[in-house]
Every structure is written in structure tokens, then in C-alpha cells.
Number of protein chains: 2
Amino acid sequence: MKPEPAPTTTRERFIAAAKALFAERGFYGASMDQIAREVGLTKQALIHHFGSKEKLYGAVLSDISERLLAELEESEHQVAPDAAEAFIGALQRIYRRTIENPADTQLLMRELLDNRQRAPKAGSWYLRPFLDRLERLLARDPRWETEKKPARETHVYQLLGAINYFAISAETLKAMYSNRHIAAMQKGFPARLARLAGSSP
Amino acid sequence: MKPEPAPTTTRERFIAAAKALFAERGFYGASMDQIAREVGLTKQALIHHFGSKEKLYGAVLSDISERLLAELEESEHQVAPDAAEAFIGALQRIYRRTIENPADTQLLMRELLDNRQRAPKAGSWYLRPFLDRLERLLARDPRWETEKKPARETHVYQLLGAINYFAISAETLKAMYSNRHIAAMQKGFPARLARLAGSSP
DNA sequence: ATCGTTACCTACCAAGTGGTAAGGTGTCAA
DNA sequence: TTGACACCTTACCACTTGGTAGGTAACGAT
């Protein structure tokens, strides 16, 4: 529905191209030269803007994180009858965003696979603010506010996992079955998500 | 509990090393030289056995597929009170296998991300026989046998997704929280899986 | 004794990797 | 007018990539 605004600055165009290629082929599979040529500039222009491949990758993750946070913020401006509804609404919003931006999702799943031990350890993790924000939203639900924080955080984490996995699966399943069948599945998912999200601790 | 038998032949040792490295760094991130040195031989010995990197990767996937199928076969030898129970039992067996062999799981998730357009198109997909077998097992359940085959197959697919995602998440969550907390979560998962698997169409 | 095969080696190659060095061009402030 | 800076270029570098060529040692069958 709401298309991602087309990138304007060179930096934004680099990030968009890098995101697509990192998502498709992974960190090692995507080369600096390839990313730069996608934009129509040279590899050295890319290095000029980001310093190194690692930093470019970091910038891409930051970009995704910011967009997710922005989505949550919009979600919080809407009024909901109660806390549980607000939480479910936020998740469904995230879900819609997820299937509209498959590259972001793919990249996040890769991040999960690549940085198993390294990344999530400290607070220095790109998705941490997003996770925290969702956790606080869940904490407003009376059924959850008495629980411990890790319990809420894992609930959030698992729900995000369900969303991501479903989004990725849909792409693969489309290749295996008829589009019509998948469309039906996708239509039913938000309701299923609501059931999962609304379940008690 | 049941440790994977140590690889004996050179070919098996190559496959084991390749599996670990492909799982950890992805197809492009793992190099032939690295894999060979892990075994203590040269890159050319590796190429001698498998022909090319692509074929080596294929051999690794085949290996995983065979092991999964073998697990299912053992599962079918056990008697269960009814079809639904048998299906749940098989899934729980797969689950146990999954957390005991995290490298296999990681690699399968990567495969899901990498081959979106390329691989699953035809029936020439490595996991297809495994998926089919599970689907047929589910078809014995009276509540499912009247459903269409794609419905059963997506049910199976989603359940496997839940297992895989949970296994991967557990690794990441371990880095974020206390081991004790994660252990409690893991203990509860088989029951949760049974509830998911046993649900009606 | 010899042949064919399997398993492995060293040597080598073209292509590509991320990154550095140095320079050119345009813009804008002093 | 000059200087500083952002942006982007070509030229180059050391290193790694997957893969080829050709050879050697071991071994079983004939």
C-alpha cells in the first residue's frame, strides 16, 4: 500500500542497493563493486561514504532498525481500547510492513543466523531499541505487567519470529504451490497472529 | 543423547567439515581451502571428491535430508495409539534431533533464505521427500485426510518452521539472558509443539 | 609384471576481493 | 580570489577465490 519513498541522496541509494544485495546473497556473497555498480557509481565512491564494508553493513542494519521504530511510533499515536489491543495492533502493523519489505525481513533473518554469539550479547545491538519498545508496550497489559521482563521479551521475540518466518515461508511456498493457495494463507495470518499475541503468559 | 557417529571415510569427514562451515558462514563465506584444511587435506583433494563447490554443497544438503528421513523411518517403527499421536511423536522426534544438531538447522534456514527463487521450484528439492513423508503421516489422521494435500503440506511446513525458528532463537536468547531461563523455555516447547501439531485444520 | 583406478599432491591461473593513494571537479564561505 | 571541503574518479595493490594440469604413490585385478 504505502510504498517506501524512493531514495534521493547518494547515501540513501547506496543503502537501498546494499540492502537488496545483502539480503539476496548475504554479507560475503555481496561485493562492494557490485553494490556500487547497481547505483551507477564506482566502488571507491561507496567506500568514500561508508569507510568499509562492515560499516556499510552496519548502516544498512541501522536503517532497518530506524524504519521499524518509526513504524512503532506511528502505531502508538493510534488510540486502542486497551493495552492488549494496542500490542496486537502494533504487531499486525509490523506484519504488514514485513511482507511489504521482504528484503528487510530476509536480512534480519540472516543477521540471526550470522551473528549468533557475537551480536546480541551487549546492548550494542541494532534491534535492541525496537525490541525494548515492544516489550514496554506489552508491559502495559495487566496480564503481563506482573511477569518478569525476560518473560515478556521472549514472548515478543518469538512473535517476531513467527512473523518473519511466515513471511519468508510464503515466498518459498509460492514457488511450490499455486499463488491462490498462498494468498488464502496470508489472509488468515493476521488473525492467527492476534491469537498468538493475545495469549496469556 | 544419541551423538552423531564420528565420520570415518574421507568423504564423510569432508561433508562434516563443510556442513559446519556452510552453516556458520554461508555458501559464499565458506571457502574450499578452509574446508579442506579443517580435515587436514588440500583443496584439490576436496575437489577430487566432489567436483565443485556447488556439488559439495549439494552433497551436504543430501546428507542432512537422508538423516532426517532416517529419523522419520525410526519414528514409524514405533507403535502409537492413533494417527494423530504418531504425527505428534514424529515431530517431537524431529525437534529433539534439531536441537541436538544445530548446524543442520542453521544450514536449512540458510537454504530457505538463499534459494527463494532458484531451488524449490521443481520437485528437485532436497527436502521434498522428507516433507512428503510427513505429509503422508498427517494424512492418516481422520481430521486431515479429507483435506487437500496443499493444506496438509503447509501445516507440516509451518510446524517445521516453528521448530527451526525456536531452535535458532534459543541460541540467540542464550546470549541475551540466563541459561536457566532458556532451559525452562526449552523444556516447555515439546508440549507447545504438541498443541500446535494437534490442532485441527 | 603390468594395467587401471583411486586418492592425493604441487604448481599454477584468471578473476575477483576489500582497500589505499592521489588527483580532479564543483560548491560555498572567508 | 582563495582555500577548504565533499564527492567521485582512475590507477594500483596484496590477497583470496574456485578451478585446471599434471604428476606420484598405493593397490587390486589380470
Side-chain angles (χ1 to χ4, degrees), chain A residues 5-63 103 106-107 110-111 113-115 118-119 126, chain B residues 5-63 103 106-107 110-111 113-115 118-119 126:
Chain A
T8 53
T9 69
T10 300
R11 187 188 157 90
E12 279 169 355
R13 289 171 66 214
F14 272 137
I15 286 187
K19 189 191 288 183
L21 276 171
F22 280 141
E24 198 181 321
R25 324 214 338 148
F27 180 80
Y28 301 104
S31 81
M32 298 290 273
D33 189 65
Q34 205 181 358
I35 293 167
R37 259 187 289 121
E38 200 80 18
V39 173
L41 294 174
T42 62
K43 177 179 58 165
Q44 287 67 22
L46 178 54
I47 289 179
H48 166 73
H49 277 276
F50 297 93
S52 74
K53 193 182 185 182
E54 293 272 356
K55 286 182 189 166
L56 167 61
Y57 186 68
V60 170
L61 288 183
S62 285
D63 179 79
Q106 233 177 318
L107 198 47
R110 279 195 196 280
E111 183 60 13
L113 289 172
D114 288 343
N115 287 346
R118 197 179 70 210
Y126 295 100
Chain B
T8 53
T9 71
T10 299
R11 188 188 155 88
E12 280 168 354
R13 289 170 66 214
F14 273 138
I15 287 187
K19 190 191 286 183
L21 276 170
F22 280 141
E24 198 180 323
R25 323 214 340 146
F27 179 80
Y28 301 103
S31 81
M32 298 290 271
D33 190 64
Q34 203 180 359
I35 293 167
R37 260 187 289 123
E38 200 79 18
V39 174
L41 293 175
T42 62
K43 177 180 57 167
Q44 286 67 21
L46 178 55
I47 289 179
H48 166 73
H49 278 276
F50 297 93
S52 73
K53 191 181 185 181
E54 294 271 356
K55 286 182 188 165
L56 168 62
Y57 186 69
V60 170
L61 287 184
S62 287
D63 179 79
Q106 233 177 318
L107 198 48
R110 281 195 194 278
E111 183 59 14
L113 288 172
D114 288 343
N115 285 348
R118 196 178 73 212
Y126 294 100

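So you know, we letter chains A, B, ... as the sequences are listed, proteins then strands, and number each from 1. Fair warning: this is a prediction, and the values are worked out from it, not measured in the lab.
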First locate atom OG of A/Ser52, then atom CE of A/Met32, and finally report the distance between them rounded to the nearest 0.5 Å.
7.0 Å
Would you mind classifying the nucleic acid contact of B/Ala45 as base, sugar-phosphate or nothing, using non-hydrogen atoms under 4.0 angstrom?
sugar-phosphate
Rounding to 0.5 Å, atoms OG1 (B/Thr42) and NE2 (B/His48) come to a distance of 10.5 Å
Shortest non-hydrogen pair, A/Ala23 vs A/Ala103, comes out as CB-O, 3.5 Å
In this structure, how many angstroms lie between the P atom of C/dT20 and the CD atom of A/Gln44, rounded?
11 Å
Among all residues two or more places apart in sequence or in another chain, which pass the side-chain contact (heavy atoms from CB on, under 4.5 Å) test with B/Ala16?
B/Pro7
Residue set satisfying ring-ring contact (aromatic ring centres under 6.0 Å, His included) with A/Phe27, at least two apart, ordered chain then number -> A/Phe22, A/Tyr57
N/O donor-acceptor pair under 3.5 Å between A/Gln106 side chain and A/Glu24 backbone:
no
Nearest-Å distance for atom pair CG/P, residues B/Leu56 and D/dG18:
10 Å
Could you list the residues that satisfy salt bridge (charged side-chain N to carboxylate O under 4.0 Å, His left out) with B/Arg11, not counting sequence neighbours?
none
Reported NZ-to-CG distance for the pair A/Lys19 and A/Leu107, which is rounded to 0.5 angstrom
8.0 Å
Pick out the pairs of N or O atoms, protein on one side and nucleotides 15-18 of chain C on the other, that lie under 3.5 Å.
from: C/dT17; atom 1: OP1; to: A/Ser31; atom 2: OG; distance (Å): 3.1
from: C/dG18; atom 1: OP1; to: A/Met32; atom 2: N; distance (Å): 3.4
from: C/dG18; atom 1: OP1; to: A/Lys53; atom 2: NZ; distance (Å): 2.8
from: C/dG18; atom 1: OP2; to: A/Met32; atom 2: N; distance (Å): 3.0
from: C/dG18; atom 1: N7; to: A/Lys43; atom 2: NZ; distance (Å): 3.0

Take the C1' atoms of the five end pairs on each side of the helix from C/dA1-D/dT30 to C/dA30-D/dT1, get both axes, and report the angle to 10 degrees.
0°
Residue pairs fulfilling salt bridge (Lys or Arg N to Asp or Glu O under 4.0 Å) with at least one residue in residues 34-46 of chain B, sequence neighbours excluded:
B/Asp33-B/Arg37
Rounding to a whole Å, what distance do you find between B/Leu21:CG and D/dG18:P?
11 Å
In A/Ile15, A/Leu46, A/Leu41, the residue satisfying side-chain contact (heavy atoms from CB on, under 4.5 Å) with A/Ile35 is A/Leu46
Could you pull out the protein-nucleic contacts involving nucleotides 4-7 of chain D (nitrogen or oxygen on both sides, under 3.5 Å)?
none

Rounded to whole Å, the CZ-C1' distance (B/Arg13 to C/dC8) equals 13 Å
Sequence neighbours excluded, which residues qualify as ring-ring contact (aromatic ring centres under 6.0 Å, His included) partners of A/Phe14?
A/His49
Tell me whether the OP1 or OP2 atom of D/dC8 has a side-chain N or O from A/Thr42 closer than 4.0 Å.
no
